[in-house]
> 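Handing you this structure, nothing more for now.
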Protein chains: 2
Amino acid sequence: MHSDDALSLAAVFLAAGRGLVDAIHADVTAHGYRDLRPVHGFAFSRLAPDGATVSELAAHLDVTKQAASQMVDELVRKGYVQRRAHPADARARLVVLTERGRACTRAAERAAQAALRPWAAELGERRLRELAADLARVAPGGPLRPIW
Amino acid sequence: MHSDDALSLAAVFLAAGRGLVDAIHADVTAHGYRDLRPVHGFAFSRLAPDGATVSELAAHLDVTKQAASQMVDELVRKGYVQRRAHPADARARLVVLTERGRACTRAAERAAQAALRPWAAELGERRLRELAADLARVAPGGPLRPIW
DNA sequence: TGGATATGGTCAAGTAGCTTGACTATATCG
DNA sequence: CGATATAGTCAAGCTACTTGACCATATCCA
């Protein structure tokens with residue numbers, strides 16, 4: 001990078017990500033899911049395909065197993081997930097979404113599409129797609145973590 | 001947005017922002033500032049130009065005045081900021097960076113430049129600049145907040 | 001095969017960073 | 001001037017996390 005303020009570019013990335021998360025969360029909340037925080041969405045994204053163990057969830061969210069287990073307790077209590085026996089490991093338990101959990105995930109996907117609509121309007125579909133492609137090249141993989 | 005997974009695009013934004021913040025924080029830590037968290041950098045960015053009051057800092061970080069005051073206590077204790085009398089308001093106190101705070105801010109700017117170097121290598125200077133310009137158009141302003 | 005070690009999960013206790021509530025001092029408005 | 005708003009602090013409480021200890025099961029290897 002050149003002599004511009006590289007820090008402000010980093011800040012713009014954070015602001016963009018925050019704006020998306022805020023918009024999605026607000027939309028999901030407005031559709032009746034009032035007992036969730038944004039982090040739960042990241043948990044759902046790990047659980048949605050085939051479920052996951054507490055340890056896998058912990059790794060995905062970059063927290064301890066204990067913290068992940070507490071979150072699962074909360075989501076069970078609120079009706080979004082269930083603990084099942086693990087088919088291949090008697091130590092483990094498989095955490096899977098309930099129908100309510102899946103419905104919430106669908107609502108989040110609709111919310112994400114709605115949140116991106118003004119972006120497409122501002123930049124154009126084509127440029128937005130290029131933006132996404134560029135970001136995918138530089139964004140690190142790995143666990144999802146809170147920013148600070 | 002179309003039928004693609006809009007949520008994963010949002011996740012890419014978060015991952016990109018997190019990657020930058022992580023890299024900057026790790027670099028700053030490696031240069032001897034081991035008692036800071038990323039959020040302190042956002043505080044510094046508000047304090048750097050001319051200082052700020054606790055209330056202004058609280059608004060910038062979207063926390064209560066009490067939380068901002070506690071953070072200032074901590075930063076005073078660690079030698080990064082000072083409380084001064086406010087020149088125009090006897091109720092208020094102006095929080096300003098110490099020389100150590102300014103040195104840390106410079107280290108963060110260098111770290112941000114270093115963190116963006118691989119991005120420029122991957123995408124090219126021109127495309128990175130376009131990316132930044134696009135983001136600036138869609139990123140919301142307002143206070144900086146943790147993601148969850 | 002069986003004993004050592006690693007892994008999945010939970011229980012319990014402690015902690016850091018935030019919150020709400022109450023209060024004082026100073027500023028501003030009418 | 002008096003009423004109200006704002007800057008800041010003190011105190012207490014909450015919550016999402018942590019560390020540490022522990023048990024059950026799986027895996028590795030002599």
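Just so it is clear: chains get the letters A, B, ... in the order the sequence lines come, proteins before strands, and each one is counted from 1.
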> Please give, in whole Å, the distance from dA24(D) C1' to H86(A) NE2?
15 Å
> Nearest whole angstrom, please: distance from the C1' of dT25(D) to the NZ of K65(A).
12 Å
> Taking everything shown except R137(A) itself, do over 12 heavy atoms lie less than 6.0 Å from its CZ?
yes
> Starting at CG of L57(A) and ending at C1' of dG9(C), how long is that distance when rounded to a whole Å?
13 Å
> For a quick check, with a 4.0 angstrom heavy-atom cut-off, what is the B/S/- contact string for nucleotides 21-27 of chain C, read 5' to 3'?
B---BBS
> Tell me which pairs pass ring-ring contact (aromatic ring centres under 6.0 Å, His included) where either residue lies in residues 79-111 of chain B, with sequence neighbours left out.
F44(B)-Y80(B)
> Could E109(B) and R106(B) be called an ion pair, given the rule that one side-chain N must be under 4.0 Å from one carboxylate O?
no
> How close or far is atom C1' of dG17(C) from atom CG of L61(B), stated in whole angstroms?
13 Å
> Minimum heavy-atom separation for H60(A) and F42(A), please, with both atom names.
NE2-O, 3.3 Å
> Does R83(B) put a side-chain nitrogen or oxygen below 4.0 Å from OP1 or OP2 of dG8(D)?
no
> I need the NE2-C1' distance between H60(A) and dG8(C), as an integer number of Å.
19 Å
> Considering only heavy atoms, which members of residues 67-77 of chain A lie under 4.0 Å from some atom of DNA chain C?
S69(A)
> Looking at R117(A) and E125(A), does any basic side-chain N land under 4.0 Å from a carboxylate oxygen?
no
> Can you measure D35(B) atom CG to dA16(C) atom P for me and round it to whole angstrom units?
15 Å
> Which residues satisfy the side chain to side chain contact (heavy atoms under 4.5 Å, CB included) test with A108(A), sequence neighbours excluded?
V28(A), L7(B)
> Which pair of non-hydrogen atoms, one from I24(B) and one from A111(B), has the smallest distance, and what is that distance?
O-CB, 3.9 Å
> With respect to the phosphate group of dT7(C), does any side-chain polar atom (N or O) of S55(A) fall under 4.0 Å of OP1 or OP2?
no
> Under 4.0 Å between a side-chain N/O of T53(A) and OP1 or OP2 of dG9(C), yes or no?
yes
> What is the distance, to the nearest angstrom, from the NZ atom on K78(A) to the P atom on dT15(D)?
10 Å
> With sequence neighbours left out, write down each residue that passes side chain to side chain contact (heavy atoms under 4.5 Å, CB included) with E130(A), or none if nothing qualifies.
R126(A), R127(A), R127(B)
> Could you give the side-chain donor-acceptor pairs of residues 63-77 of chain A under 3.5 Å, partners two or more places apart or in another chain?
unit_1 : atom_1 : unit_2 : atom_2 : d
T64(A) : OG1    : A67(A) : N      : 3.1
D73(A) : OD1    : R83(A) : NH2    : 2.0
E74(A) : OE2    : K78(A) : NZ     : 2.7

